[in-house]
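A quick note: this is a predicted structure, and the numbers were derived from the prediction, not measured. Atoms considered below: every heavy atom in the structure, side chains included; atoms not considered: hydrogens, waters and symmetry mates. Chain letters run A, B, ... following the sequence lines, proteins first, then strands; residues in each count from 1.
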Amino acid sequence: MAAAQPEAQPSSFWQVLEEQVLEEHPDVPRDQLLPWEAWERKHRKRSCDEATTSEPGAGSNGGGGSIAEPFWDALEASLRAEHPHLAREELLPWLKLPRQRRQPAAAAPSAAAPPPPDDTDNGGDSDYEAIGSEEDEAFVAGSSDSTRAGTQPRAAIVPLPDTSGNRWASRNKHKWQCQSTTTKTAPATNLFLADELDKLAAHYKAVGNDEWRYFAFSKQAKKLRDLTWEVTDAKQLLSVRSFGQKSVDKIAELLATGALRRLETMQSTDRAQALAELTKVHGVGCKIASDWYAKGITSVEAAVQSGLMTATQRVGARFYKDLQVRIPRAEVTAIVDAVRVALRATLGARGVPAHAIDGAGDATASGSYRRGKPSSGDVDVLLCRRDGGSDEGLIEQILEYMKAAGVSVHHLTHEEEVQRGRAQRSVRTATCSSYRGIIRLPGYELHRRLDLKLYPPEDFAYALLYFTGSDHFNRSMRHYAKTLGYSLSDHGIVHAVKMAGGKDNCVRGTKNLFEARTEQEIFEKLGLQYVEPSQRNTDVVPIGDAPRRLQ
DNA sequence: GGGCTGTACTG
DNA sequence: CAGTACA
DNA sequence: GCCC
């Protein structure tokens, strides 16, 4: 590209990233927060001239504070082709990107959100029962939000009517899990029991291929974490909805002996162990693992050698060990920021002038990070282009940018061979584009799962609600909407009418019934109380220790 | 005896 | 279409 | 596995 105006030194990808990360985690030691600094120093020493063909993922960060030269050349050339008449500064506006903070949307992971009041126990009875708060409490409008909001006031939101026959659901809102608030701390005994039930659930899902037992057990596990009182006698749970006699028996055994005979037996079989191992690979579920096992494959290594893997599975297998390790919050921040910086550069590359980049799109950390958790299993970033420009190919371009800046990137979806195979289905058919991949920032030890989802602005609030989770929370809220006669998804709320007879009993509308600008508005439209992201969790901190025999 | 959330991507 | 994955 |  050639270095025009060297003194107006553009802030490089890494410089921008560094500023953002430091700002967000003033408390974490610098070298821990910015491991790529060492990497950068090393690469700066090596001259910038060996920087040509980089094997994927090993791009070199040329000196001089800009990203790898080939990237710039290619980028400028392609831009030039698109906009032959633009002046260079117009073409590459990010060169003089102001060092401002980006979107408000990223703020408010709200780990610090005030805990809700509360409150009374309840022996609870209901599906998805809650520990819940007053139904009638006034809806607080200006509560700190996270969704990026219209600022204009809008007319009062009239909740959708409950079209069900008996109206049980809407009269018992507080009994739904999506209206509960997560218990922050819970008796260690309950957490022990919950962990055991989760193991049982995991077994039924991965080995038993029994989705519904999985659902039942993991729901019970979540409820145990939410209980405010300690389970001392399994029979206490009979009064809690979703615990039946069989589960109570299991819990009685756990309380008495500290283990479940049945679980141990089930887990000890060769088949169970093999499936547990094989299903760790991304793209391998119970069915495929079973097929492989039937062919004598009992390890990931053997599966790789068998030649039976798809492209996605091969990538998954390559990194499956790294991916078992949780990601500290500060590293999640760094990865999200990297995506955000790349997004801004990409928008710049598409002709958005520097002063408009802030409003032209955003990258919002979602998932467990937004729920305030100290570590995450993967990194979820919600993308949105807001200036009316095309977002076609945006994800691919962001990833290319990061690659060129030296980030190691491996695709699970959008794999090149895959894309070629499916001929130009270039126009995406769905209204949401959904990427899964594996990345590693330079200087970091481990590869991490990255999920990107790109939505049109009108879907943003619904998408954020979905992508923030948790799993149980989403299912509960959607189930609630369904009970009222609607269907809630990451795109909106539509009518869902139960038809008599037929197996496929539900007829769904296509027209979104409500254009929500914020998450709050969605809750309100469904007649529910707003729940902060940090209160949509499943995990809990123990109070004290479980009795010794249970550890 | 059937429902238990709704959507995207792969092959 | 079935299988897997995402929250 | 639980609930209607």
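For the pair A:Leu465 CG and B:dT5 P, the interatomic distance rounds to 15 Å; values are reported in whole Å. If you take CZ of A:Arg536 and P of C:dC6, they are 20 Å apart, rounded to a whole angstrom. The CG atom of A:Leu450 sits 17 Å away from the P atom of C:dA5 (whole-angstrom rounding). In this structure, A:Met309 places its CE atom 15 Å from C1' of B:dT10, rounding to the nearest Å. The distance between atom NZ of A:Lys219 and atom P of C:dA7, rounded to the nearest whole Å, is 21 Å. One atom, CG of A:Leu238, and another, P of D:dG1, lie 15 Å apart when rounded to the nearest Å. Between A:Asp451 atom CG and C:dT4 atom P there is a gap of 18 Å when expressed in whole angstrom units. In this entry the distance linking CG of A:Leu484 with P of B:dT5 reads 15 Å, nearest Å.
Between D:dG1 and B:dT7, the two P atoms lie 30 Å apart (nearest whole Å).
Taking only side-chain atoms of A:Lys246, from C-beta outward, the nucleotide of B:dA8, D:dC2, B:dG6 with the closest atom is D:dC2. Taking only side-chain atoms of A:Glu211, from C-beta outward, the nucleotide of B:dG11, D:dC2, B:dT5 with the closest atom is B:dT5. Distance from the side chain of A:Lys287 is smallest for C:dG3 among the nucleotides C:dG3, B:dA8, C:dC6. If you check C:dC6, B:dT7, B:dC9 against the side chain of A:Thr413, the one that comes closest is B:dC9. Comparing B:dA8, D:dG1, B:dG11 against the side chain of A:Arg213 picks out D:dG1 as the nearest. You'll find that the side chain of A:Thr312 is closest to B:dT10, out of B:dT7, B:dT10, D:dG1. Which of C:dC6, B:dG11, C:dA7 sits closest to the side chain of A:Arg436 comes down to C:dC6. In this structure, the nucleotide among B:dT7, B:dG11, C:dA5 sitting nearest to the side chain of A:Arg449 is C:dA5. Here B:dA8 is the nucleotide among B:dA8, D:dG1, B:dG11 with the atom lying nearest to any side-chain atom of A:Ala430.
Using a 4.0 Å heavy-atom criterion, one finds that A:Asp490 contacts the sugar-phosphate atoms exclusively. A:Phe467 comes within contact range of the sugar-phosphate backbone alone, with a heavy-atom separation under 4.0 Å but no base atom that close. A:Val281 comes within 4.0 angstrom of the backbone, heavy atoms only, and of no base. At a threshold of 4.0 angstrom between heavy atoms, the contacts of A:Lys205 with the nucleic acid are absent. Residue A:Ile288 is in sugar-phosphate contact alone, with no base atom involved, counting any heavy-atom pair closer than 4.0 Å across all strands shown. Residue contacts for A:Asp210: at a heavy-atom cut-off of 4.0 Å it reaches no nucleic acid atom on any strand shown. Here A:Phe243 lies in heavy-atom contact (under 4.0 Å) with sugar-phosphate atoms only. Backbone-only contact: A:Thr468 has heavy atoms under 4.0 Å from sugar-phosphate atoms and none from a base. The residue A:Phe473 sits apart from the nucleic acid: no heavy atom pair falls under 4.0 Å.
At least one side-chain nitrogen or oxygen of A:Ser487 sits closer than 4.0 Å to the OP1 or OP2 atom of B:dG6. A:Ser366 has no side-chain polar atom (N or O) that falls below the 4.0 Å cut-off from OP1 or OP2 of C:dA7. Residue A:Arg478 has no polar side-chain atom (N or O) positioned under 4.0 Å from OP1 or OP2 of B:dT5. Side-chain N/O atoms of A:His479 include none lying less than 4.0 angstrom from OP1 or OP2 on B:dG6. Using a 4.0 Å cut-off, some side-chain N or O of A:Arg508 falls inside it from OP1 or OP2 of B:dG6. For B:dG3, neither phosphate oxygen OP1 nor OP2 lies less than 4.0 angstrom from any side-chain nitrogen or oxygen of A:Lys482. At the phosphate of B:dC9, neither OP1 nor OP2 sits under 4.0 Å from any side-chain N or O atom of A:Ser434.
Here the two rings, on A:Tyr466 and A:His491, have centers that are 6.0 Å apart or farther.
At distances below 3.5 Å, not a single donor-acceptor pair connects side-chain atoms of A:Asp391 with backbone N or O atoms of A:Leu394. Counting only distance, with no hydrogens or angles, the side chain of A:Ser247 and the backbone of A:Phe243 share no donor-acceptor pair below 3.5 Å.
Counting heavy-atom neighbours within 6.0 Å of A:Gln273 CD, excluding the residue itself, gives a total above 12.
Between A:Ala496 and A:Tyr435, the residue anchored nearer the 5' end of DNA chain B, judged by the nucleotide with its closest heavy atom, is A:Ala496.
Under the 30°/60° scheme for interplanar angles, the aromatic rings of A:Tyr480 and A:Trp176 are found to stand perpendicular.
An aromatic stacking contact between A:Phe215 and the base of B:dC4 is absent, as defined here by ring centres under 5.5 Å apart and ring planes under 30° from parallel.
Every residue meeting the side chain to side chain contact (heavy atoms under 4.5 Å, CB included) condition with A:Gln324, not counting sequence neighbours, appears here in chain and number order: A:Lys280, A:Tyr320.
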For residues 249-262 of chain A, which side-chain N or O atoms pair as donor and acceptor with protein atoms under 3.5 Å away, sequence neighbours left out?
| from | atom 1 | to | atom 2 | distance (Å) |
| --- | --- | --- | --- | --- |
| A:Asp249 | OD1 | A:Gln245 | NE2 | 2.9 |
| A:Glu253 | OE2 | A:Arg261 | N | 2.8 |
| A:Thr257 | OG1 | A:Glu253 | O | 2.9 |
| A:Thr257 | OG1 | A:Ala259 | N | 3.3 |
| A:Thr257 | OG1 | A:Ala259 | O | 2.9 |
| A:Arg262 | NH2 | A:Tyr204 | OH | 2.9 |

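With 3.5 Å as the limit, one finds a donor-acceptor pair spanning the side chains of A:Thr232 and A:Gln236.
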